[in-house]
Amino acid sequence: MPDAEKRATHFIEDMIDEDNRSGRWGGRVHTRFPPEPNGYLHIGHAKSICLNYGLAEKYGGEFNLRFDDTNPIKEEQEYVDSIVRDVRWLGARWTAMRDDDPNAGVLFASDYFQQMYDLAVLLIRKGRAFVCDQSPEQVAEFRGTLTSPGRNSPYRDRSVAENIELFERMRRGEFPDGSRTLRAKIDMAHPNLNLRDPVMYRILHASHHRTGDEWCIYPMYDWAHGLEDSIECITHSICTLEFENHRPLYDWYINAINEGNPAPIHHPQQIEFARLELTHTVMSKRKLLELVRGGYVRGWDDPRMPTLSGLRRRGVTPEAIRAFCADIGVAKFNSTIEIVRLENAVRNDLNLRAQRRLAVLRPLRVVIENYPEEKVEELDAVNNPEDPSAGTRKIPFSRIVYIERDDFREDPPKDFFRLAPGREVRFRWAYFITCKSVIKDAAGQITELRCTYDPATRGGDAPGGRKVKSTLHWVSAERSIPAEVRLYDHLFSVPNPEVDAPGGDYKANLNPASLVVLSDCRLEPSLATVRIGDRFQFERLGYFCVDPDSTPGRLIFNRTVTLKDAWIKIEKGRAR
RNA sequence: UGGGGAUUAGUGUAAUGGUAGCACGACUGGCUCUGGACCAGUUAGUCGGGGUUCGAGUCCCUGAUCCCCAGCCA
């Protein structure tokens with residue numbers, strides 16, 4: 001990734017540096033991202049992708065995208081497609097990737113099923129695996145507990161010949177689901193429960209999204225995963241902390257295969273790191289699925305979701321996500337990142353590239369009494385003060401304009417220096433405006449402001465250097481266009497929705513104000529020609545992007561993130 | 001009465017026996033045609049207790065706390 005910045009090395013880089021010094025892998029670095037296609041990718045996966053791809057890139061190595069598709073019951077092609085799309089969007093480049101074929105170079109564990117099967121037969125021949133007829137309940141009962149040893153399965157000492165025959169019959173489909181398993185013969189008293197004769201294969205008469213009905217036995221993750229990495233000659237198998245307990249089992253499998261083997265298989269080094277946790281959201285696939293299925297959000301790509309598709313629809317750029325991942329670091333400490341860090345990365349990125357526009361979300365009508373009725377002026381506005389090459393555009397100014405209701409106070413509190421009766425402010429790129437009077441309806445609601453403008457301040461500067469305390473955004477009433485704007489806030493109203501869950505239900509912490517739809521917004525006319533996905537800064541408000549729900553006649557914008565707002569901070573401080 | 005990990009400002013993350021630094025947050029101030037951005041400053045930390053050493057976040061001993069593991073899920 002081109003935007004990798006200079007920073008201290010983390011522990012995995014230190015390990016690779018050490019490997020390179022010792023010549024362990026001959027200078028080779030080969031990583032992979034191994035998702036199970038049973039859900040959509042989220043920001044936590046982005047951390048793993050950035051880590052794995054980033055290492056391959058940094059060390060001139062290779063990076064595989066491989067699906068860990070060993071459980072047909074939970075996996076679907078829809079998820080495969082979305083994951084390929086998201087990894088590509090994030091900017092990772094896998095080995096043999098092509099831009100004209102989405103699936104080129106994508107790898108699948110299911111392509112290795114026969115090799116895995118052959119290796120399982122090898123372990124049976126070596127007396128290291130056996131077919132077990134225990135029921136799932138019996139297996140659990142015989143496993144023992146955390147503090148007490150298990151007992152051997154009564155089927156543990158079957159002959160090699162019988163095991164081979166039964167395993168072949170399992171594959172042929174002669175037995176019902178759950179009736180038999182293939183298990184490794186290790187140690188039922190081992191303090192690490194993963195080594196108490198773990199199941200290697202289970203019978204599953206289920207159709208697989210890629211292999212169809214070719215198989216009715218499927219390898220367990222622990223058996224399959226290490227072999228996948230071995231087959232692909234992965235050097236550094238990077239995974240999350242909870243698999244630390246499994247590493248001895250992967251090592252056992254490969255050692256058992258290689259013992260006395262004239263053609264030993266590759267033995268990758270597994271390294272564990274802490275997965276990403278974020279405040280004000282949830283990250284487990286199960287809970288995200290529940291939010292989608294339960295209608296709590298509008299889908300996997302709801303802009304409030306931490307999914308990559310949600311973030312993309314929200315207007316977050318892949319560059320911002322990569323910068324965020326680089327910023328938070330990699331370690332073995334189970335930490336929770338404050339979501340403002342992500343928001344900050346988004347602002348930093350968009351500040352530099354998003355063009356500025358004027359948009360009024362909650363319009364308040366303003367009549368400029370001394371401005372001619374029919375006159376319209378095209379005023380010059382800078383597109384991006386951070387990027388002179390973005391140029392300028394014209395904005396029409398006229399007698400009647402809209403400003404933000406929040407930008408006027410009839411009785412302004414201290415430190416409020418926006419518009420108020422008798423006060424002069426600047427209209428961005430236009431004129432100095434003074435509020436002369438306030439018009440209200442019968443209910444006492446402000447419906448209109450009557451103001452005057454100073455013709456000498458055209459463009460926004462006073463000739464004598466006269467200052468105003470604030471600059472407001474505005475749009476011409478007649479020459480602006482309507483739009484719907486969707487304001488998003490944190491999905492959950494508390495930092496740790498799973499920990500502080502009333503009644504044990506994290507959903508009780510859903511933020512009722514996470515989506516606010518404003519349907520009467522007014523935009524400057526240059527926005528009439530935008531395309532879906534285009535991003536802008538609406539000055540003084542935040543960053544917004546065009547939602548796919550937009551139609552030619554009706555523009556819909558999503559608020560990606562607000563600008564920092566010093567005034568809100570002052571107000572909140574006063575409330576306290 | 002198990003095994004495996006972890007613990008540095010509010011939140012993260014560096015420091016690999018030698019000045020505890022950085023980012024975000026918070027708070028000041030400056031600047032500004034976005035109360036944005038930018039600039040300057042302030043705040044605040046090595047889980048506890050022993051030990052080794054001229055010197056310990058780092059090494060040793062000993063406690064504490066937190067996370068993971070008893071799916072034919074991954």
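By convention in this document, chain letters (A, B, ...) are assigned in the order of the sequence lines, proteins followed by strands, and residues within each chain are numbered from 1. Just so it is clear, the values below take in all heavy atoms, side chains as well, and ignore hydrogens, waters and symmetry mates.
A/Tyr506 and A/Glu498 are not linked by any side-chain donor-acceptor pair at a separation below 3.5 angstrom, with hydrogens and angles left out of the test. Side-chain N/O atoms of A/Thr392 and A/Asp380 include no donor and acceptor closer than 3.5 Å.
Taking the P atom of each, B/G57 and B/G21 are spaced 13 Å apart, rounded to whole Å. Between B/G50 and B/A40, the distance separating the two C1' atoms is 45 Å to the nearest Å. The C1' atoms of B/C31 and B/G36 are separated by 13 Å, rounded to the nearest whole Å. B/G25 and B/G18 have their P atoms separated by 32 Å, with the value rounded to a whole Å. Nucleotides B/G45 and B/A20 place their C1' atoms 9 Å apart, quoted to the nearest Å. Atom P of B/U32 sits at a distance of 16 Å from the matching atom of B/C39, rounded to the whole Å. Only the P atoms considered, B/U58 is 12 Å distant from B/U7, to the nearest whole Å. Going from the C1' atom of B/G4 to that of B/G17 covers 29 Å, rounded to whole Å.
Remark: aromatic rings of A/Phe538 and A/Phe544 are close, center separation under 6.0 Å. Ring-centre distance between A/Trp474 and A/Phe397: below the 6.0 Å cut-off. Taking the centre of each ring, A/Tyr112 and A/Tyr117 stay at or above the 6.0 Å mark.
Of the nucleotides present, B/U13 is the one that pairs with B/G21 by Watson-Crick or G-U wobble criteria, both distances under 3.5 Å. The partner of B/U1 cannot be assigned: no Watson-Crick or G-U wobble pair with both contacts below 3.5 Å exists in any strand. With a cut-off of 3.5 Å on both Watson-Crick or G-U wobble distances, the partner of B/A37 is given as none. Using Watson-Crick or G-U wobble geometry with both donor-acceptor distances under 3.5 Å, B/U53 finds no partner in any strand shown. The partner of B/C47, taking Watson-Crick or G-U wobble pairs whose two distances both stay under 3.5 Å, is B/G63.
A salt bridge is absent between A/Glu539 and A/Arg357: the closest approach of a Lys/Arg side-chain nitrogen to an acidic carboxylate oxygen does not fall below 4.0 angstrom.
Contact annotation: the side chain of A/His236 approaches that of A/Asp19 to within less than 4.5 Å [non-hydrogen atoms, C-beta and beyond].
Below the 3.5 angstrom threshold, one finds a donor paired with an acceptor across the side chain of A/Glu386 and the base of B/G36. In this model, a side-chain donor or acceptor of A/Asn245 finds a partner on the base of B/G3 within 3.5 Å. The base of B/G36 lies outside donor-acceptor range of the side chain of A/Arg347, with no N or O pair under 3.5 Å.
Remark: A/Thr147 is not in phosphate contact with B/G3, judged by side-chain N or O atoms under 4.0 Å from OP1 or OP2. Contact annotation: A/Lys564 reaches the phosphate of B/A37 (side-chain N/O to OP1 or OP2, under 4.0 Å). Neither OP1 nor OP2 of B/G5 sits under 4.0 Å from any side-chain N or O of A/Arg247. For the OP1/OP2 pair of B/C72 and a distance below 4.0 Å, the side-chain nitrogens and oxygens of A/Arg143 include at least one atom meeting the criterion. Considering only side-chain N and O atoms, A/Arg356 lies nowhere under 4.0 angstrom from the phosphate OP1 or OP2 of B/U34. Between A/Ser335 and B/U13 there is a side-chain polar atom (N or O) within less than 4.0 angstrom of OP1 or OP2. The side chain of A/Arg286 places no N or O atom within less than 4.0 Å of a non-bridging phosphate oxygen (OP1 or OP2) of B/A74.
You'll find that the side chain of A/Glu244 is closest to B/G4, out of B/C72, B/G4, B/U34. Set against B/C72, B/A6, B/C69, the side chain of A/Lys332 has B/A6 as its closest nucleotide. Proximity note for A/Asn344 (side chain, C-beta onward) versus B/G35, B/C73, B/C24: the nearest is B/C24. Among the nucleotides B/G71, B/A23, B/U34, the one closest to any side-chain atom of A/Arg341 is B/A23. Of the candidates B/C72, B/A74, B/A26, B/A26 carries the atom nearest the A/Lys569 side chain, counting heavy atoms from C-beta on. Here B/U13 is the nucleotide among B/C72, B/U13, B/U34 with the atom lying nearest to any side-chain atom of A/Phe333.
Here A/Val330 lies in heavy-atom contact (under 4.0 Å) with sugar-phosphate atoms only.
Shown here, B/G71 is classed syn by the O4'-C1'-N9-C4 or O4'-C1'-N1-C2 angle, which is within 90° of 0.
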